[in-house]
Amino acid sequence: MKTSTLFLHFLLFVLSGVFLFSGIIKLFPAELFEYTFVNMGLTGWSGAPVVARFFVSLELMLGMGMLVPFRRILRPALLWSFIFLLTMSAYLTWQWVSNGNEGNCGCLGMLLPMTPLQSLMKN
């Protein structure tokens, strides 16, 4: 195996790990992640669990999709990961401009609190 191919596989493994870690860590405690959506005004308490589980499952599916070695699964997973990261970066930029660099954005759950700027750098 070439060095460049090995490096690309390593990058895919790391990127997949970040998506999987981010999805899993948001589940503990899930209520605080749900509160993020209620606090933003995106949904009420009745819809917050659905929205939170949607984002968690999306991250988990993208992370697992990057581990599959078949191109017909890997390419869409990479495309949707790129779209997801662009969308989250736009949201974080909006949050940073409107509220400043304060508080926890919830991007890595409550285990690793991050400001919007820190999360942008992570993305």
Side-chain angles (χ1 to χ4, degrees):
M1 192 180 279
K2 291 183 180 179
T3 305
S4 61
T5 307
L6 187 62
F7 184 67
L8 285 176
H9 285 281
F10 174 74
L11 285 178
L12 273 174
F13 183 74
V14 169
L15 184 61
S16 173
V18 170
F19 271 93
L20 291 171
F21 177 74
S22 176
I24 291 169
I25 205 69
K26 287 177 184 155
L27 293 173
F28 305 103
E31 293 80 14
L32 293 176
F33 186 54
E34 294 167 7
Y35 174 73
T36 304
F37 296 109
V38 174
N39 192 31
M40 287 187 315
L42 184 66
T43 184
W45 279 109
S46 59
V50 175
V51 174
R53 272 31 170 220
F54 170 76
F55 278 102
V56 168
S57 63
L58 180 64
E59 282 186 311
L60 292 175
M61 285 190 302
L62 290 173
M64 288 186 287
M66 285 183 262
L67 291 176
V68 177
F70 303 114
R71 285 187 185 200
R72 73 168 213 233
I73 295 174
L74 180 61
R75 285 185 182 195
L78 287 173
L79 175 67
W80 281 106
S81 299
F82 181 72
I83 292 168
F84 182 74
L85 286 175
L86 277 178
T87 305
M88 290 298 110
S89 295
Y91 160 72
L92 288 168
T93 303
W94 171 76
Q95 180 126 8
W96 185 29
V97 168
S98 63
N99 299 330
N101 198 28
E102 300 289 324
N104 182 11
C105 66
C107 297
L108 284 177
M110 297 299 133
L111 179 69
L112 295 170
M114 299 177 82
T115 64
L117 182 60
Q118 290 171 332
S119 188
L120 271 172
M121 289 189 294
K122 172 196 62 101
N123 285 354

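Here the structure is a predicted model, which means the values were calculated and not measured.
Taking the six-membered ring for Trp and the full ring otherwise, the centers of Phe55 and Phe33 sit at least 6.0 Å from each other.
Within the 4.5 Å cutoff, the side chain of Met64 has heavy atoms near those of the Leu20 side chain. The side-chain heavy atoms of Leu111 and Phe28, taken from C-beta on, include no pair separated by under 4.5 Å. Counting heavy atoms from C-beta on, the side chains of Phe21 and Glu59 never come closer than 4.5 Å. A 4.5 Å side-chain heavy-atom check between Phe19 and Leu60 finds every atom pair outside the cut-off. Asn101 is not listed as a side-chain neighbour of Gln118, based on a closest heavy-atom distance of 4.5 Å or more. Proximity of Cys107 to Leu92: side-chain heavy atoms (C-beta onward) are separated by under 4.5 Å at one or more points.
Separating the CE atom in Met121 from the CE atom in Met114 is a distance of 7.5 Å, to the nearest 0.5 Å. Once rounded to the nearest 0.5 Å, the distance linking CZ of Phe82 with CG of Leu15 reads 12.0 Å. Distance check: Ile83 CD1 to Leu78 CG gives 11.0 Å after rounding to the nearest 0.5 Å. For the atom pair CE of Met66 and CG of Leu74, the computed distance is 8.5 Å after rounding to the nearest 0.5 Å. Distance check, rounded to the nearest 0.5 Å: CG of Leu67 to CG of Leu12 gives 8.5 Å. Atom CD of residue Glu34 and atom OG of residue Ser46 lie 11.0 Å apart, to the nearest 0.5 angstrom.
The hydrophobic cluster containing Leu108 does not contain Tyr91, counting ILVMFWY residues as joined when their side-chain heavy atoms lie under 4.5 angstrom apart, directly or transitively. Residue Leu117 is not grouped with residue Val18 when hydrophobic side chains (ILVMFWY) are merged at heavy-atom distances under 4.5 angstrom, including chains of intermediate members. Leu27 and Ile25 are assigned to two separate hydrophobic clusters, defined by single-linkage of ILVMFWY side chains at heavy-atom distances under 4.5 Å. Linking Ile, Leu, Val, Met, Phe, Trp and Tyr whenever their side-chain heavy atoms come within less than 4.5 Å leaves Ile24 and Met61 in two separate clusters. Taken together through direct or relayed side-chain contacts under 4.5 Å among Ile, Leu, Val, Met, Phe, Trp and Tyr, Phe84 and Leu79 form part of one hydrophobic cluster.
Residues Tyr35 and Glu31 bring no donor and acceptor atom of their side chains to less than 3.5 Å of each other.
Residue pairs satisfying the side-chain hydrogen bond (donor to acceptor under 3.5 Å, both in side chains) criterion with at least one member in residues 66-84, sequence neighbours excluded, are absent.
Looking at Ser98, its side chain does come within 3.5 Å of a backbone N or O of Trp94 through a donor-acceptor pair. Between the Ser57 side chain and the Phe54 main chain, a donor and an acceptor come within less than 3.5 Å of each other.
Considering every non-hydrogen atom in both Ser89 and Asn123, the closest pair reads OG-ND2, 3.3 Å. Contact detail for Ile73 and Gly65: the closest heavy-atom pair is CG2-O, 4.0 Å. The heavy-atom pair separating Ala52 from Phe37 by the smallest distance is CA-CE1, 3.7 Å.
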